[in-house]
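Beneath this line is the structure, given in structure tokens, with notes to follow.
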Amino acid sequence: MSEHTENNMDLTPAAAGVTDEDLESQSTRYMIGISDGLRYGIDAEKVETILTDHTITHMPCVPEYVRGIVNLRGQILPVIDLRLRLGKPPKDGCIIMVVNVGSESVSILVDSVEKMVAVPHSIILPMPTQNHQKIISGMCSLPEGGTLLILDCELLLHG
């Protein structure tokens, strides 16, 4: 009986000459915040901290979607309610994600924070042209199911 060896192809990234550094440069890590049942991805490098049970001070004469301000270690930050910014009804008992937007910090009110995921750039699709939510820059399907909407924090603050 002759011995037969099968030629198996190794399809791992390392076998293909792709390093962990290459994979890192071809994807972005997003912190997932949930608001009104939808998953929003915020670039994890921009997320400074996550606050729970923090007092929000109401401010007059600000846009409706600005819930107020918070004092974070002496720094006064506006609180943008993602639900209100997207035209949804407000909800109490939310979580604040503090995000660095350029040289400014802003806090975003979400219902909950789920986890961090690495998303390859190749699977992020542009938003449909009829989309009226200009603060969403793209979307993708998550491996475990569901859709992730990529939040553009610059437009959230300045758009």
Side-chain angles (χ1 to χ4, degrees), residues 10-54 56 62-70 72 75 77-159:
D10 187 353
L11 299 177
T12 62
V18 178
T19 65
D20 287 341
E21 206 171 271
D22 291 336
L23 288 175
E24 184 82 16
S25 70
Q26 296 171 7
S27 65
T28 300
R29 292 180 316 138
Y30 292 98
M31 181 67 73
I32 298 177
I34 309 236
S35 186
D36 197 36
L38 297 174
R39 290 182 178 100
Y40 295 93
I42 298 174
D43 187 335
E45 288 185 10
K46 294 181 179 186
V47 177
E48 292 178 21
T49 189
I50 297 172
L51 307 172
T52 58
D53 300 323
H54 215 75
I56 298 172
V62 294
E64 179 187 346
Y65 60 85
V66 177
R67 268 287 184 92
I69 58 172
V70 292
L72 180 64
Q75 185 179 13
L77 305 174
V79 178
I80 296 175
D81 187 327
L82 190 54
R83 282 175 163 265
L84 292 174
R85 185 68 169 93
L86 296 169
K88 306 292 181 176
K91 180 181 176 183
D92 291 329
C94 298
I95 296 173
I96 298 171
M97 297 175 72
V98 179
V99 180
N100 188 353
V101 181
S103 62
E104 303 174 62
S105 290
V106 65
S107 52
I108 302 170
L109 203 59
V110 295
D111 299 347
S112 63
V113 175
E114 192 172 69
K115 62 182 176 179
M116 191 178 316
V117 294
V119 177
H121 298 153
S122 61
I123 70 166
I124 298 175
L125 303 171
M127 289 301 291
T129 54
Q130 69 272 20
N131 174 37
H132 298 292
Q133 300 301 337
K134 303 297 182 200
I135 60 174
I136 308 299
S137 62
M139 58 191 255
C140 67
S141 293
L142 296 171
E144 66 274 4
T147 301
L148 179 67
L149 302 172
I150 308 298
L151 191 64
D152 187 325
C153 292
E154 290 277 339
L155 291 176
L156 179 69
L157 187 60
H158 302 292

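In this text the structure is predicted, and so the values were computed from the model without any measurement. Here, residue 1 is the first one in the sequence, and each next residue gets the next number.
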Quiz prompt | Side-chain donor/acceptor of Asp111 to backbone N/O of Asp36, under 3.5 Å | solution = yes
Quiz item: Would you call Ile96 and Leu72 a side-chain contact if the rule is heavy atoms closer than 4.5 Å?
Solution: no
Quiz item: Do Tyr65 and Leu86 touch side chain to side chain, with heavy atoms closer than 4.5 Å?
Solution: no
Practice problem: Might you point out which heavy atoms bring Pro90 and Leu84 nearest each other, and give the distance in Å? | Solution: CD-CD2, 3.7 Å
Quiz item: Nearest 0.5 Å, what's the OH-NZ distance between Tyr30 and Lys115?
Solution: 15.5 Å
Exercise. Report the C-alpha distance between Ile32 and Leu142 in whole Å, list the side-chain angles of each, state the deciding distance to 0.1 Å, and finish with yes or no for side chain to side chain contact (heavy atoms under 4.5 Å, CB included).
Key: CA-CA 11 Å; Ile32 298 177; Leu142 296 171; 4.2 Å; yes
Practice problem: Apply side chain to side chain contact (heavy atoms under 4.5 Å, CB included) to the pair Met31 and Ile50, showing each step before the final yes or no. | Solution: CA-CA 10 Å; Met31 181 67 73; Ile50 297 172; 4.3 Å; yes
Quiz item: Just wondering, are more than 12 heavy atoms of other shown residues or ligands nearer than 6.0 Å to CD in Glu64?
Solution: no
Exercise. Work out which heavy atom in Arg83 is nearest to a heavy atom in Ser35; give both atom names and the distance.
Key: CG-OG, 3.2 Å
Practice problem: For Cys94 and Val110, work out which heavy atoms get closest and say how close. | Solution: CB-O, 2.9 Å
Quiz item: Atom NE2 of His54 and atom CG of Leu109: how far apart are they, to the nearest 0.5 Å?
Solution: 12.0 Å
Self-check item: Check: Ile136 and Leu151 side chains under 4.5 Å, non-hydrogen atoms
Solution: yes
Self-check item: Separation between CD of Glu48 and CD of Gln75, rounded to the nearest 0.5 Å
Solution: 6.5 Å
Quiz item: Between atom CG of Asp43 and atom CD of Glu154, what is the distance when rounded to the nearest 0.5 Å?
Solution: 11.0 Å
Self-check item: Ser107 side chain to Pro78 backbone, donor-acceptor under 3.5 Å
Solution: yes
Exercise. Please round to the nearest 0.5 Å and tell me the distance separating atom CG of Leu149 and atom CZ of Arg39.
Key: 10.5 Å
Quiz prompt | Separation between CD1 of Ile150 and OG of Ser137, rounded to the nearest 0.5 Å | solution = 6.0 Å
Self-check item: Min side-chain heavy-atom separation Ile124-Thr28 under 4.5 Å
Solution: no
Quiz item: Are any of the side-chain heavy atoms of Tyr40 and Leu82 separated by less than 4.5 Å?
Solution: yes
Practice problem: Carefully, step by step, assess Cys153 and Ile42 under the rule side chain to side chain contact (heavy atoms under 4.5 Å, CB included). | Solution: CA-CA 7 Å; Cys153 292; Ile42 298 174; 3.7 Å; yes
